[in-house]
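First comes the structure, then the notes that go with it.
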Amino acid sequence: MLTEQQKKYLITIYLLGQNGERVRTTDIADYLHVAKASAVKMCKKLIEEELIIKEPYRQISLTQKGVGEANGLFTPCVILQDFFASKVGIEPKKAGEASMMISSVLDEETMDKFVNYVLSKK
């Protein structure tokens, strides 16, 4: 079971790494508004959990296990971000941040029900 922080980091790495972009610890720290030391510490935990790979002074990439976990988290984020922006009227950047927060906190069953509710209202 992933912690709230692990989920946030996986979503962030997945998001930043789309389209083959380089993902560095500094990028993660900037995106999440945390200290670089905090990002380094969490990345070490994600390496231990075999969710990411990072060689010294190299970019970060998701393992197959990490991609699977991130996919399961990212799709609901996108659905919620769209809902918050288009239906609730929240500015897109804030809608993205809110969707990440919610998807990292809710348990899988609750998140599935919430996403299904959102999709049924389209």
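All values below were derived from every heavy atom in this structure, side-chain atoms included, with hydrogens, water molecules and symmetry-related copies excluded.
Looking only at side-chain heavy atoms (C-beta outward), Ile47 and Ile53 stay at 4.5 Å or farther from each other. Looking at Met42 and Gln5, their side chains come closer than 4.5 Å, going by heavy atoms from C-beta outward. Considering only heavy atoms from C-beta on, Gln59 stays 4.5 Å or farther from Lys54 through its side chain. Side-chain contact between Phe74 and Leu10 is absent, with no heavy atoms from C-beta onward closer than 4.5 Å.
At least one donor-acceptor pair closer than 3.5 Å links the side chain of Glu91 to the backbone N or O of Lys93. Side-chain atoms of Lys94 do not come within 3.5 Å of backbone N or O of Ala85 as any donor-acceptor pair. With hydrogens and angles ignored, the 3.5 Å screen pairs no side-chain donor or acceptor of Thr110 with any backbone N or O of Leu106. A donor-acceptor pair is defined here as one N or O able to donate and one able to accept, closer than 3.5 Å; such a pair exists between the side chain of Asn116 and the backbone of Asp112. For the pair Thr12 (side chain) and Ile28 (backbone), a donor-acceptor distance under 3.5 Å is absent.
Considering OG of Ser104 and CG of Leu2, their distance stands at 10.5 Å, rounded to 0.5 Å. Separating the NZ atom in Lys45 from the CD atom in Gln6 is a distance of 7.5 Å, to the nearest 0.5 Å. With rounding to the nearest 0.5 angstrom, the CD atom of Gln64 is 12.0 Å from the CD atom of Glu50. In this structure, Asp82 CG and Cys77 SG are separated by 12.5 Å, a value rounded to the nearest 0.5 Å. With rounding to the nearest 0.5 Å, the separation of NZ in Lys65 from CG in Leu46 is 10.5 Å. To the nearest 0.5 Å, atoms OH (Tyr9) and OG1 (Thr3) are separated by 10.0 Å.
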### Query
What's the verdict on salt bridge (charged side-chain N to carboxylate O under 4.0 Å, His left out) for Lys44 and Glu48, showing C-alpha distance, side-chain angles and the deciding distance?
CA-CA 6 Å; Lys44 287 180 182 179; Glu48 289 171 9; over 6 Å; no

### Message
Evaluate Lys113 against Glu109 for salt bridge (charged side-chain N to carboxylate O under 4.0 Å, His left out), listing each step before the verdict.
### Response
CA-CA 6 Å; Lys113 287 182 179 184; Glu109 180 184 355; 3.4 Å; yes

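Both Val78 and Leu73 belong to a single network of hydrophobic side chains, linked directly or stepwise wherever heavy atoms of I, L, V, M, F, W or Y lie under 4.5 Å apart. One hydrophobic cluster holds both Val34 and Leu15 under the rule that ILVMFWY side chains link at heavy-atom gaps under 4.5 Å. Hydrophobic clustering (ILVMFWY, side-chain heavy atoms < 4.5 Å, transitive): Met100 and Leu62 are in one cluster. Under the 4.5 Å side-chain heavy-atom criterion for grouping Ile, Leu, Val, Met, Phe, Trp and Tyr, Val88 is connected to Leu119 within one hydrophobic cluster.
Closest of all the heavy-atom pairs between Met111 and Leu80 is CE-CD1, 2.9 Å. Listed here is the closest heavy atom pair of Thr26 and Lys36: OG1-CE, 3.6 Å. Contact record, Ala29 with Ala39: CB-CB, 4.0 Å, taken as the closest heavy-atom pair. Across all non-hydrogen atoms, the minimal contact from Leu16 to Val23 is C-CG2, 3.7 Å. Ile60 approaches Ile52 most closely through the heavy-atom pair CG2-CD1, 3.8 Å. Minimum heavy-atom separation, Ala95 to Phe84: CB-CB, 3.7 Å.
With respect to Pro76, the side chain to side chain contact (heavy atoms under 4.5 Å, CB included) criterion is satisfied by exactly one of Val118, Ile11, Ile102, Val115: Val115.
Screening residues 68-81 for side chain to side chain donor-acceptor pair (under 3.5 Å) gives Tyr14-Asn71 as the qualifying pairs, with residues at least two apart or on separate chains. Listed by first then second residue, pairs satisfying ring pair (Phe, Tyr, Trp, His ring centres under 6.0 Å) with a partner in residues 92-115 number zero, not counting sequence neighbours.
Summarising the local packing, CD of Glu4 is surrounded by more than 12 heavy atoms from other residues, nucleotides or ligands at distances under 6.0 Å.
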